Amino acid sequence: MNYLDELNEEQRKAVEQTEGPVMVLAGAGSGKTRVLTYRIAHLINKGVPPFNILSLTFTNKAAREMKDRIGKIVGESTAKSIWMGTFHSVFARILRSEAEKIGYPSNFTIYDTDDSKRLVKQIIKDLNLDDKVYKPNLVRNRISSAKNNLLSPQAYKDNPTLAKEDAQAKKPEIGRIYEIYDKRLFKAGAMDFDDLLFKTNILLRDFPDVLFKYQEKFRYILVDEYQDTNFSQYIIVKALASRFENICVVGDDAQSIYSFRGANIQNILNFKKDYPDTETFKLEQNYRSTQNIVEAANSLIDKNQEQFKKNVWTSNDTGTKIKLTQALSDNEEGLNVAHEIYALHSTHNAAYSNFAILYRTNAQSRAMEDAMRKLNIPYKIYGGLSFYQRKEIKDLMAYFRLVINPQDEDALKRVINYPKRGIGKTTIDRLTLYGNENDIGLWELINSLPAHSVNIPGSARNKIAQFAELIKSFQNVAEKKNAYDTGTIIAKSTGILKEHHNDKSAEGVARYENIQELLNSMKEFVEDDEAENEKDLPSFVQDIPLLTDQDQDSEEDQNKVTLMTIHASKGLEFPNVFIVGMEEELFPSQMSTQSRSDLEEERRLFYVALTRSEERCYLSFARSRYKWGNLIHCEPSRFLQEIDPDFVDASGVTPNQPSKDPFATKGDWGSSMGGGSDRSASTQRRSVTPPRQKMMRVPKTDTSNFKGDDTANLREGMEVEHGRFGRGTVVSIEVAGNRKAVVDFEEHGKKQLLLKFAKLKILN
DNA sequence: GGTGTGTAGGTTTTT
DNA sequence: CCTACACACC
């Protein structure tokens, strides 16, 4: 084994110091993953059994890649038994095996953010609270941060500070909502994301034998991206490590970008206090980027007060300067980027996979996508709605959830009348109310309906009974058949598959294909002989909420430009990086400009973005962009001035607003000459394996540009065109009250339209 | 109970 | 701009 030869001195020390607490402060691009990988391999070579190693990563993908690399050194089967994954997935696994200790079924359902929001909303409604005051999102965030700080509902209600805050915000009932939310989750046999950590803490706190077991098991613990751990995660790690203190945390305070999710940068800043014997290793040599990029990034992050002082340097080439450009609009910005990519692709023969476009918010992807399509540049996009969050997928998945865990009321409500089977809102409301008042779960209630005096007519009772029978029949199927067969039977016999198949609109076709894609992935799951897990439906469904888009890699889609948020780009690298939307209110986000610490986090985010680039980095801003359909004016981001101008080529930017323009005071930017030497693209190093996005982008009928004519002269028999319904003939016009017209559309049949709103174009 | 249509309101960032 | 819901009508 000569892997130690592939490390520099500091890296090697961090690998060889296997015992006791170790903190590795790893600057961007300094070979952090390499250290983690080799450290684990080294442990195993020294004789540590792989099942005694726990390695916590930030994404499942990172875990998979690391496992692969370790497998190449110590052998695949050995690498397989290392416990490696995200906090959420690792502890979900542990919770499932210990579930009954804390009163949960081992097949508990994991609620994603969307499910949890629905539940909060439902509770607010049940309590007759005004959802304009108690905004579900806001309430959920508050509950979430309570959980991440290990505050139970009782602790929340007893906390004077929180009570005061809520009272001042005129939302005194949040504690009560939290309490009910918690009870309902428990009754539904469900945990939200935060619970996976919270309940793990409960488990380790209340069951010393369990704690002892896992302490003994995980004798060596490694935590990647430690700067992004929250309090709840911090306590778990602390508890598990307290026995042997063989804990190695790796991170970079300069890249802490998840405080909105409860991450606490203090965890890494205080590590030495927690473990006084800590050996600290600083990795400061950057192997990823050119000198220009490294120094530009250093000059930026220097503006932050709160940080460990590091001296990140590189022996790489000087490289080209960071290129700054401006555009008149977001669309033009997109086209500028697309043209540049096209040029580099055709003149330097650079593969499309060598490019990434990074932005602050998902909403910015549209202008970029449009531009890519216009120039026929292949691209793939991350984020936004993930596959498993799409409505058609969630609907079918809700059947799966219900079959596995009939206590899951969110799932039940989601499908009891989907597809339509005549169990309407009134009926469901009555059931829910009765259930809440008599403390009976919905599933139990609909199965014992004759015994209850709920005000529900006989016809509806029959339909409910049929529904219950349907679910029970699925439960029978699920017990005997594998996930794929069960899934197919459910999709077919509920009529879901047919419903989407019958919808021939572009959206309908995409939905049908998505359902097929889900079934395909179930088939793959069942036929995968490598994986040792069970092949039944529960095994398939279990951890799906923990998957993200990035977890779906594939060989196809290799040569494409990557579009993603900066957050999603963490840990990745690309030869050419475009950071777009460098504007005030957007980046830094308007939410962050109030406090210094928030602004510093935005700056770290920008630092992360810059340090993704290996060779070339482009910054751009637009003078105007569309926000909610309105054109708004934009000012260049303050961050642009914070980079040392020596490393920036701003020749493409004209300082045209002398008084307000921040460049006016920085004459050196507008006048600096065009970029440095242009290195050949053939020197480009590693490229990142592009992940794939499985779902189709739903082509939407674009009605935004559709202009209606004045309908004052509309008469019967006229040919008209409607933005959504297409062409049709006016059948009749009603003048009384609001003017209405009945139009017989060629493809959509007769519709009654209010002329005040309907945009109709008169064709003859 | 189902359907369509209008209106309000929402955007950081994600496991 | 898009989506989710409330309301009016069938």
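This one's a predicted model, so the numbers in the text were calculated from it and none came from an experiment. Quick note: numbers below take in every heavy atom, side chains included, and nothing from hydrogens, waters or symmetry partners. Here is the naming used below: chain letters follow the sequence lines, and residue numbers restart at 1 for every chain.
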Trainee: Quick one: label Asn417(A) by what it contacts on the DNA or RNA (base, sugar-phosphate, nothing), any heavy atom closer than 4.0 Å.
Mentor: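 Sugar-phosphate, no base atom in range.
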Trainee: Look at all strands and tell whether Thr427(A) reaches a base, only sugar-phosphate, or nothing, counting heavy atoms closer than 4.0 Å.
Mentor: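 The residue Thr427(A) makes sugar-phosphate contact but no base contact.
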Trainee: Tell me which residues in residues 418-426 of chain A put a heavy atom below 4.0 Å from DNA chain B, sorted by number, or none.
Mentor: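 When residues 418-426 of chain A is checked for heavy atoms under 4.0 Å from DNA chain B, the hits, listed by number, are Lys420(A), Gly422(A), Gly424(A), Lys425(A), Thr426(A).
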Trainee: Among dT11(B), dG10(B), dT12(B), find the nucleotide with the atom closest to the side chain of Ala363(A).
Mentor: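 Output: dT11(B).
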Trainee: Ignoring backbone atoms, establish whether Thr113(A) has a side-chain N or O less than 4.0 Å from OP1 or OP2 of dT14(B).
Mentor: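 Checking dT14(B) against Thr113(A), no side-chain N or O comes under 4.0 Å of OP1 or OP2.
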Trainee: Would you mind telling me which of dG9(B), dT14(B), dT15(B) lies closest to the side-chain atoms of Lys132(A)?
Mentor: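 Nearest nucleotide to the side chain: dG9(B).
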Trainee: To the nearest angstrom, how far is Asp330(A) atom CG from dC1(C) atom C1'?
Mentor: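 Going from Asp330(A) (CG) to dC1(C) (C1'), I get 12 Å.
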Trainee: How long is the line joining CG of Leu56(A) and P of dT15(B), in whole Å?
Mentor: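 Those two atoms, CG and P, are 16 Å apart.
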Trainee: Ion pair present between Lys147(A) and Asp195(A), side-chain N to carboxylate O less than 4.0 angstrom?
Mentor: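 Counted as a salt bridge, because a side-chain N and a carboxylate O are separated by less than 4.0 Å.
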Trainee: Among dG10(B), dT15(B), dT14(B), which nucleotide has an atom closest to any side-chain atom of Lys135(A)?
Mentor: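 The answer is dG10(B).
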Trainee: Using whole Å, what does the distance between atom P of nucleotide dT15(B) and atom CD of Gln542(A) come to?
Mentor: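 Distance check: Gln542(A) CD to dT15(B) P gives 19 Å.
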Trainee: Quick one: which of Ser259(A), Ser595(A), Ser589(A) gives a side-chain hydrogen bond (donor to acceptor under 3.5 Å, both in side chains) with Glu601(A)?
Mentor: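 Testing each of Ser259(A), Ser595(A), Ser589(A) against Glu601(A), the sole residue satisfying side-chain hydrogen bond (donor to acceptor under 3.5 Å, both in side chains) is Ser259(A).
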Trainee: Below 4.0 angstrom, N of the basic side chain to O of the carboxylate: do Glu369(A) and Arg366(A) qualify?
Mentor: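 No, Glu369(A) and Arg366(A) are not salt-bridged.
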Trainee: Can you figure out which of dT11(B), dG2(B), dT13(B) approaches the side chain of Arg360(A) most closely?
Mentor: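 Nucleotide nearest to Arg360(A)'s side chain: dT13(B).
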Trainee: Below 30° counts as parallel, above 60° as perpendicular, anything between as tilted: where do the rings of Phe639(A) and Phe587(A) land?
Mentor: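 Ring orientation, 0 to 90° scale: perpendicular.
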Trainee: Name the residue closer to the 5' end of DNA chain B, choosing between Arg140(A) and Lys463(A) according to the nucleotide with the nearest heavy atom.
Mentor: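 Final value for this comparison: Lys463(A).
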Trainee: On the 0 to 90° scale, with breaks at 30° and 60°, tag the Tyr104(A)-Phe108(A) ring pair as parallel, tilted or perpendicular.
Mentor: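 It falls in the perpendicular class, over 60°.
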Trainee: Verify the contact: side-chain N or O of Ser589(A) to OP1 or OP2 of dT11(B), cut-off strictly under 4.0 Å; return yes or no.
Mentor: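 For dT11(B), OP1/OP2 do not have a side-chain N/O of Ser589(A) under 4.0 Å.
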Trainee: Rounded to the nearest Å, what distance is computed from the CD atom of residue Glu602(A) to the C1' atom of nucleotide dT11(B)?
Mentor: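 Nearest whole value for this atom pair: 13 Å.
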Trainee: Could you check how far CG of Asn630(A) sits from P of dG10(B), rounded to whole Å?
Mentor: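 Whole-Å distance recorded here is 16 Å.
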Trainee: Can you see if the side chain of Asn137(A) gets near the phosphate of dT11(B) - specifically, an N or O under 4.0 Å from OP1 or OP2?
Mentor: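 For dT11(B), OP1 or OP2 has a side-chain N or O of Asn137(A) closer than 4.0 Å.
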Trainee: Which one, dG10(B), dT15(B), dT14(B), comes nearest to the side chain of Phe193(A)?
Mentor: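 Looking only at side-chain atoms, Phe193(A) lies closest to dT15(B).
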Trainee: Measure the acute angle between the ring planes of His567(A) and Tyr258(A), then classify it against the limits of 30° and 60° as parallel, tilted or perpendicular.
Mentor: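 The rings of His567(A) and Tyr258(A) stand perpendicular, inter-plane angle above 60°.
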Trainee: Against Val249(A), only a single residue in Leu222(A), Asn267(A), Val223(A) fulfils side chain to side chain contact (heavy atoms under 4.5 Å, CB included); can you say which?
Mentor: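 Of Leu222(A), Asn267(A), Val223(A), side chain to side chain contact (heavy atoms under 4.5 Å, CB included) with Val249(A) is met by Val223(A) alone.
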Trainee: Between dT13(B) and dA4(C), how far is it from one P atom to the other, in whole Å?
Mentor: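 Those two atoms are separated by 16 Å.
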Trainee: Just to be sure I understand the rule, does Tyr258(A) reach a base, reach only the sugar-phosphate, or reach nothing, if contact means heavy atoms closer than 4.0 Å?
Mentor: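 Tyr258(A): backbone/sugar contact only, no base atoms under 4.0 Å.
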Trainee: Would you say Phe87(A) stacks on dT15(B), if stacking means ring centres under 5.5 Å apart and planes within less than 30 degrees?
Mentor: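 Not stacked: fails the 5.5 Å / 30° test.
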Trainee: Could you tell me whether the phosphate oxygens of dT14(B), OP1 or OP2, come under 4.0 Å of any side-chain nitrogen or oxygen in Asn362(A)?
Mentor: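 It does, given that an N or O in the side chain of Asn362(A) lies less than 4.0 Å from OP1 or OP2 of dT14(B).
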Trainee: Expressed as a whole number of angstroms, how long is the span from Tyr234(A):OH to dT15(B):P?
Mentor: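 Atom-to-atom, Tyr234(A) to dT15(B), this comes out as 25 Å.
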Trainee: Please pick, from dG1(B), dC2(C), dT15(B), the nucleotide with the shortest atom-to-atom distance to any side-chain atom of Arg366(A).
Mentor: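 In terms of side-chain proximity for Arg366(A), the closest of dG1(B), dC2(C), dT15(B) is dC2(C).
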Trainee: Kindly point out which of dG2(B), dA4(C), dT14(B) is positioned nearest to the side chain of Lys121(A)?
Mentor: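 Shortest atom-to-atom distance from the side chain points to dA4(C).
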Trainee: Do Asn201(A) and Ser232(A) pass the side chain to side chain donor-acceptor pair (under 3.5 Å) test, and can you show the C-alpha distance, the side-chain angles, and the key distance before you say yes or no?
Mentor: CA-CA 7 Å; Asn201(A) 269 300; Ser232(A) 187; 3.2 Å; yes
Trainee: Can you tell which of dT12(B), dG2(B), dG1(B) lies closest to the side chain of Thr361(A)?
Mentor: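 Minimum distance to the Thr361(A) side chain belongs to dT12(B).
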Trainee: Nearest whole Å is fine: how far is dT12(B) P from Ile257(A) CD1?
Mentor: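 These atoms are roughly 16 Å apart.
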Trainee: Quick one: which of Leu572(A), Thr562(A), Val577(A) gives a side chain to side chain contact (heavy atoms under 4.5 Å, CB included) with Leu358(A)?
Mentor: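 Only match with Leu358(A) under side chain to side chain contact (heavy atoms under 4.5 Å, CB included): Val577(A).
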Trainee: In whole angstrom, give the distance that lies between atom OH of Tyr607(A) and atom C1' of dT13(B).
Mentor: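 Tyr607(A) atom OH is separated from dT13(B) atom C1' by 20 Å.
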